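Only a predicted model underlies this, so the values are computations on that prediction, with no experimental measurement involved.
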Amino acid sequence: MGTQVTSSKKAAQILKNLNPAQQQAVIWTEGPVLILAGAGSGKTRVLMHKIAYLIEVNKIVPWKILAMTFTNKAASEMRERIKTISHQNSNTIWMGTFHSLFARILRKECTAIGYQSNFSIYDADDQVQLIKMIMNDLNIPTKNVIPKAVQSQISRSKNSLTSPEQYRQHAENMFEDYVGQIYTEYQKRLRNLNAMDFDDLLGNPIELFGSNPEILARYQERFDYILVDEYQDTNHAQYRILKLLSQQHRNITVVGDDDQSIYAWRGADINNILDFEKDFPECRTFRLEQNYRSTQNILSAAHSVVKNNQGRLEKTLWTTQESGEKVTLIHCWDAFGEADKIVTKIQDEFRLHQRNFKDFAILYRTNAQSRIIEDRLRNHGIPYIIVGGTRFYERKEVKDVIAYLRIIDNPLDTISLKRIINFPQRGIGAATIKKIDIFTLEKRISFFEALKKISMIEGVTESIKMRIANFCQIIEKYQSLQDKLSISEMTRTLVEEVGILANFKNEGTVEAMSRYENVFELLSAITEFSKRTEKPTLATFLEEVTLVTDIDNWDNRGNAVTLMTLHSAKGLEFPVVFITGLEEGLFPLSRNAEKTSQLEEERRLFYVGATRAKQKLYLSSANRRNYGTETFLSNPSRFINEIDQQFVELEFPKPTESERRREKISHSEEGSYYDYHYHTETSSQYEETLPVLQILDIGMRVFHETFGNGTVQDIEGRGENTKVTINFEAVGRKKLMVKYANLEII
DNA sequence: GAGCCACCCGTTTTT
DNA sequence: CGGGTGGCTC
């Protein structure tokens, strides 16, 4: 009786700040639950309170709860907040990303499927290295078969749980035949290297559970409750894992929004959410449609775009907030003008409202767009922080040091070993490696074993043998030192002894200095890791390093404008958001504009971006953009046209004198942007446009603004994508897109 | 085996 | 613009 009173008191406390729909979703703890939660409707809040409720009211021990989040950062934030809601220790909840949670389970159980628990985890770059090696061995030319394309094919197959055998059966062309061969060999070698790639962290648990029912039963028993955030972005492998693990207790709560599914390209299957009710017929569905984040104008604008998608679960978000400011649409001359305009707007926002730098997010479709914006922010002394881009742990020098650590941890990891056998240079080149490789095959031993037996290999000079023996000794020394030294001490002495720092110091260039600093930064990252981890081991550090997400590295405590891709922005919110580069070809990206499914994903990406904004949303596009050496003229994004005009105000900065001078004005005919709002009054501010000449033929003489006069030599493609090869008198042969080249027939 | 140069490429999003 | 590669020379 007493406990009941306390429980209901606790329940009331946990539920008091939730709306009725959220409360329902929280207290319905038994059986499968689907929570369809629109943007900003408090889905993370619901998950958090549900976990607190399970612990406090249902008296579930924390370690029997499994909760999947999209980033590790989300997991640790949630853990903290659960602690404050429930005042209980939340540390033992199994909470994190799919990848890190199953890496943890695999470390414990992988001997059952023939792995050693110190397996390495390969990122995309390691995978490509391995694929290149295999292609080399199988004599597959890298000209027609691009290793990176092979990697993405293999990854795709693994995500959909297609085995190499199945893949080979369905191969339909030369490329796929090759991929099939490589895939088979790739899987075999990963095992020999005692390595798993990202996709194996999801695929191998399924194999493990499939072939070891007693292990599966143990985990099924263990996890009384399973909760999944961002369920719309799970792939088939993740779906299978969830289904396996939830079979016994059937207490699975998934939260998602089909409108925010933006990872189909890496195997996420939107049907996982659409079919949940079919897979779990007894499931209860809750809808959260009240938005607490954005103003009405922002919501309506976002909705007017996403509603153009077919086959979505219709829902209408509503808010009690006032309509707020209209969405501001800015059409700029070029990317520099766009960046300038963003700076001006940030300054205006400071003047008109009380803002901090950290109130702003600038979002873009591709990482490459950040550079120009960065430059302008820097020039104006606006502090900014970039999320993603080239990641710290993917920098060459950092990966090199990591490779040392990996080979110390896992001597079978030949990919890492080959990476550093000649770094810093110790005179061991391709020819020697080849000889060792042959020896490896003959004796059926690992590459590292072969190095230890270098004296037995013929055709290698004595001096090289000496150098290899030295190298081996160093590695072996640190392997035995592993348990005696802390990781930071070990790495420090290793980096010193091997001469990595000296190597960069001697070079003396600016790049070498920045590499030097990055290695130092890695050292301090290790120290920091050791401080905050209970029992820091080399293996756990290496694992964390490969499984960090971009957002995990985002330090949002400082006061700075945040720059990131639209993908990275998922799940976040900011008072003021800029979505930049709203041009056909860039957003939506041209290669995704043709297939409906891909176009719809781009549209959802726009929706995700727009709904990050709490008070003010700016959209910007530019008239032209540089890619490498070429300038492309662009038409405004179709998404701009899709926004209901009543929620929008327009700004068309007149081109400045310098912009006018920068290039003679011209643009192509198509593009409904001008029909949309600019047709009448202001289009005259642009000079008369010359029509793009499409009627080209081989042998014609043409004029190009920068390249001068030339002769058409070849034409390929048609319509939009027509490309011509032109032999220019001044600069020789160039291949150009007719659409952008602005050629004149002479 | 290493260093240098010239060209060529492509350039989406990420665990 | 920048990274990566392939070919050349020392």
When you get a sec, tell me which of [options] is the closest nucleotide to the side chain of [X]?
X	options	value
A:N422	B:dA2, B:dT14, B:dT12	B:dA2
A:A124	B:dG1, B:dT15, B:dT12	B:dT15
A:S568	B:dT14, B:dG1, B:dT15	B:dT14
A:T549	B:dT13, B:dT12, B:dT15	B:dT15

Quiz item: Looking for any heavy atom pair under 4.0 Å, which part of the strands does A:F98 touch: base, sugar-phosphate only, or nothing?
Solution: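 Contact class for A:F98: none.
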
Quiz item: How would you label the contact of A:L589 with the nucleic acid (heavy atoms, under 4.0 Å): base, sugar-phosphate, or nothing?
Solution: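 Base, at least one base atom sits under 4.0 Å.
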
Judged by modelled atom types alone, do [X] and [Y] share a side-chain donor-acceptor pair under 3.5 Å?
X	Y	answer
A:S160	A:R156	no
A:E600	A:Q598	no
A:D552	A:T549	yes

Starting at [atom1] of [X] and ending at [atom2] of [N], how long is that distance when rounded to a whole Å?
X	N	atom1	atom2	value
A:I241	B:dT15	CD1	C1'	13 Å
A:F423	B:dG3	CZ	P	13 Å
A:L566	B:dT12	CG	P	15 Å
A:K148	B:dT12	NZ	P	7 Å
A:Q151	B:dT12	CD	C1'	14 Å
A:K158	B:dT14	NZ	C1'	16 Å
A:N592	B:dT13	CG	C1'	9 Å
A:E583	B:dT12	CD	P	16 Å

Practice problem: If a pair satisfies side-chain hydrogen bond (donor to acceptor under 3.5 Å, both in side chains) and one of its residues is in residues 420-431 of chain A, list it, with sequence neighbours excluded. | Solution: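 Of all non-adjacent pairs touching residues 420-431 of chain A, those that pass side-chain hydrogen bond (donor to acceptor under 3.5 Å, both in side chains) are A:Y404-A:R426.
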
Where do N or O atoms of nucleotides 4-10 of chain C meet protein N or O atoms at under 3.5 Å, pair by pair?
unit_1	atom_1	unit_2	atom_2	d
C:dT5	OP1	A:K132	NZ	2.9

Practice problem: Would you check if the side chain of A:D375 reaches a backbone N or O of A:I372 as a donor-acceptor pair within less than 3.5 Å? | Solution: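 No, A:D375 side chain to A:I372 backbone: no donor-acceptor pair under 3.5 Å.
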
Quiz item: Does the gap between the ring centers of A:Y186 and A:Y122 come in under 6.0 Å?
Solution: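 Centroid distance A:Y186-A:Y122: not below 6.0 Å, so no.
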
Quiz prompt | Is_stacked (A:W265, B:dT12) at 5.5 Å, 30 deg | solution =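 Stacking is absent between B:dT12 and A:W265, given that the ring centres and planes do not meet under 5.5 Å and under 30°.
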
Quiz item: In residues 424-435 of chain A, which ones come under 4.0 Å of DNA chain B, going by heavy atoms?
Solution: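 Per residue number, the list reads A:Q425, A:G427, A:G429, A:A430, A:A431, A:T432.
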
Quiz item: Which residues within residues 363-373 of chain A lie with some heavy atom under 4.0 Å of an atom in DNA chain B?
Solution: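 Correct list: A:R365, A:T366, A:N367.
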
Would you call [X] and [Y] a salt bridge, taking side-chain N to carboxylate O under 4.0 Å as the test?
X	Y	answer
A:E543	A:R104	no
A:R604	A:E601	yes
A:D233	A:K570	yes
A:R515	A:D400	no
A:R365	A:E602	yes
A:E458	A:K435	no

Practice problem: Look at the side-chain N and O atoms of A:N72 and state whether any lies under 4.0 Å from the OP1 or OP2 oxygen of B:dT15. | Solution: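 For A:N72, the contact criterion (side-chain N or O under 4.0 Å from OP1 or OP2 of B:dT15) is not met.
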
Practice problem: On DNA chain B, check which nucleotide each of A:H567 and A:R467 is closest to and give me the residue with the more 5' one. | Solution: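 This one resolves to A:R467.
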
Quiz item: Among A:N272, A:N159, A:D199, A:D269, whose side chain to side chain donor-acceptor pair (under 3.5 Å) with A:N235 holds?
Solution: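 With A:N235 as partner, side chain to side chain donor-acceptor pair (under 3.5 Å) holds for just one option, A:N159.
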
Quiz item: With Watson-Crick and G-U wobble geometry limited to distances under 3.5 Å, how should the secondary structure of DNA chain C be encoded in dot-bracket form, using | for bases paired to another strand and [ ] for crossing pairs?
Solution: .|||||||||

Practice problem: Find out whether the Lys NZ or Arg CZ of A:K396 is both under 6.0 angstrom from the six-membered ring centre of A:F423 and within 45° of the ring's axis. | Solution: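 Here A:K396 passes the 6.0 Å and 45° test against A:F423.
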
Quiz item: For A:T432, what residues pass the side chain to side chain donor-acceptor pair (under 3.5 Å) criterion, not counting sequence neighbours?
Solution: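 Applying side chain to side chain donor-acceptor pair (under 3.5 Å) to A:T432 gives none.
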
